[in-house]
Amino acid sequence: MKAKSSSAPPRSFFIQTFGCQMNVNDSERVSGLLRSRGLEAADSADQADFVFLNTCAVREKATAKFRHALGRLRRLQADRPDLRIGVGGCVPQLEGEALVARAKHVDVLVGTHTLHRIPALMEEAAATGKTAVDLDRKADAFAIPGEIAAHANPVRAYVTVMEGCNHVCSFCVVPRTRGPEVNRPPEDVVREVEAAVARGLGEVMLLGQTVNAYGHGGTDFAGLLERVNGVAGLERLRFTTSHPEHVNDRMATALRELPRVCPYLHLPFQSGSDRVLASMRRGYTRQGYLDTVALLRDQVPDLALSTDVIVGYPGETEAEFEETLSVLEGVGFDSLFAFSYSPRPGTTALRLADDVPEAEKRRRLHVVNAHQQQWQRRRHQARVGCAEEVLVESVDGGGRVSGRTRHFRIVHLDGTPGLGGRTVRVEITGAGPNALQGRLLQAIH
Ligand code: SAM
């Protein structure tokens with residue numbers, strides 16, 4: 001039995017989010033839910049009555065960050081026994097009751113499909129003095145209406161269109177944490193996008209682990225893009241993460257033809273070696289991936305591409321790593337997220353020896369990132385002198401603002417806070433590897 005000094009209901013909350021955009025969107029929905037129950041958002045954990053940690057299990061590093069944060073909350077709770085703690089998302093879904101046993105000071109424990117139960121579980125924990133748990137993965141992951149989400153970004157709304165994943169990648173824990181794919185009806189997605197636009201958000205990013213595998217009734221992913229593209233007032237439409245296996249002509253046509261769909265695609269390739277790709281069970285070969293890129297570039301000539309790469313996968317030789325580098329060189333990605341292989345519980349790759357030494361993984365990561373930085377600098381320098389359309393998403397008091405181009409490139413420029421949320425025309429005046437510098441030409445709308 002936990003000794004709780006008071007059962008007064010919490011009046012304020014703070015959410016710390018780990019991991020991907022889907023987790024960010026889940027936190028936005030939890031935030032909306034708690035606000036709808038009368039709680040106020042606090043600026044930090046120190047000022048909140050209820051702190052919720054929304055966790056990520058995709059790599060050990062993310063899980064370690066969560067454990068560190070939980071340790072800090074435990075110390076905070078020692079000073080403030082009224083502090084209520086919730087933990088949710090992928091780590092509890094993966095670790096289940098084992099986490100309950102280790103974290104008695106946690107009041108509420110939910111999985112990826114039971115976030116909507118947080119308010120009820122908070123009451124239960126207050127009444128019983130015990131950790132209230134619901135890890136039911138069969139519950140409705142979309143039970144919190146997206147329309148009440150408290151969007152964290154002033155211009156971009158994340159809208160999750162599917163939960164879970166039907167792929168069987170050997171390294172990936174997501175099918176275990178988020179379960180098999182569940183697609184939302186297109187009407188629900190459109191309604192949520194309309195609500196975001198009505199709240200003044202100009203950009204929407206549709207989310208799914210393999211978003212382009214989307215299908216509901218007779219609507220495929222291209223059909224969903226067509227429907228969302230039809231929402232009046234929406235300026236920009238993006239989506240992530242796409243899987244190479246589900247890229248097709250209809251999707252490429254949608255990317256090219258639909259005016260609100262931005263010419264940017266995140267398409268992980270993970271490795272340039274056929275041996276590694278087969279072991280990863282990615283469902284494509286190196287050449288298959290390159291053919292997909294060629295098809296996309298043929299159909300959408302100005303497409304910006306980003307990707308994910310894993311280095312140090314079990315058994316990855318130097319020659320196989322160089323095959324990854326040669327894909328980077330051949331494709332020329334606009335941006336890249338590189339990860340060091342991390343063995344995860346319950347994945348099939350766990351049976352393979354994690355035999356690339358940590359120092360060698362770090363070296364490979366460094367080589368990949370250094371290569372990419374050089375490439376991005378060159379690619380960005382080619383934009384100097386060009387005009388770009390920028391949707392301004394952050395402003396600081398010092399007369400600087402920044403936003404993104406339709407190709408998702410970051411641009412910093414001089415500007416007043418009044419430009420926040422506006423689309424402006426900018427001349428590119430300078431370039432670094434991670435961002436462009438610009439000069440305001442005119443505000444468009
Ligand atoms: N569902 C997407 C896909 O399959 O392409 C990506 C989802 S995952 C949240 C984001 C990225 O994390 C993956 O593309 C992969 O590069 C990386 N990742 C996933 N599991 C990993 C692991 N065990 N070790 C290192 N990186 C990993």
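Numbering of ligands and ligand atoms starts at 1, following listing order. Heavy atoms only: backbone and side chains are in, while hydrogens, waters and symmetry mates are out.
Classification of Arg286 and Asp274 as a salt-bridged pair fails, no side-chain N sitting under 4.0 Å from a carboxylate O. Using a 4.0 Å cut-off between charged nitrogen and carboxylate oxygen, Asp334 and Arg379 count as a salt-bridge pair. Ion pairing of Arg406 with Asp302 is absent here, as no side-chain N (NZ or NE/NH1/NH2) approaches a carboxylate O to less than 4.0 Å.
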What does the N/O contact table under 3.5 Å look like for ligand 1?
unit_1	atom_1	unit_2	atom_2	d
ligand 1	1 (N)	Gln209	O	2.9
ligand 1	1 (N)	Gln209	OE1	3.1
ligand 1	4 (O)	Arg282	NH1	3.1
ligand 1	12 (O)	Arg59	NH1	2.8
ligand 1	14 (O)	Gln270	NE2	2.8
ligand 1	14 (O)	Asp308	OD2	2.6
ligand 1	16 (O)	Gln270	OE1	2.7
ligand 1	18 (N)	Arg59	NH1	3.4
ligand 1	23 (N)	Phe171	O	3.0
ligand 1	23 (N)	Ser342	O	2.7
ligand 1	24 (N)	Ser342	N	3.0

- prompt: Given the rule in the salt bridge (Lys or Arg N to Asp or Glu O under 4.0 Å) test, do Glu358 and Lys361 qualify, once you have shown the distances and angles that lead to the verdict?
  reply: CA-CA 5 Å; Glu358 280 309 312; Lys361 285 183 184 171; 3.3 Å; yes
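Taking the six-membered ring for Trp and thresholds of 30 and 60 degrees, His167 and His243 have nearly parallel ring planes, at less than 30 degrees apart.
A salt bridge (charged side-chain N to carboxylate O under 4.0 Å, His left out) with Glu95 is found for exactly one of Arg67, Arg344, Arg176, namely Arg67.
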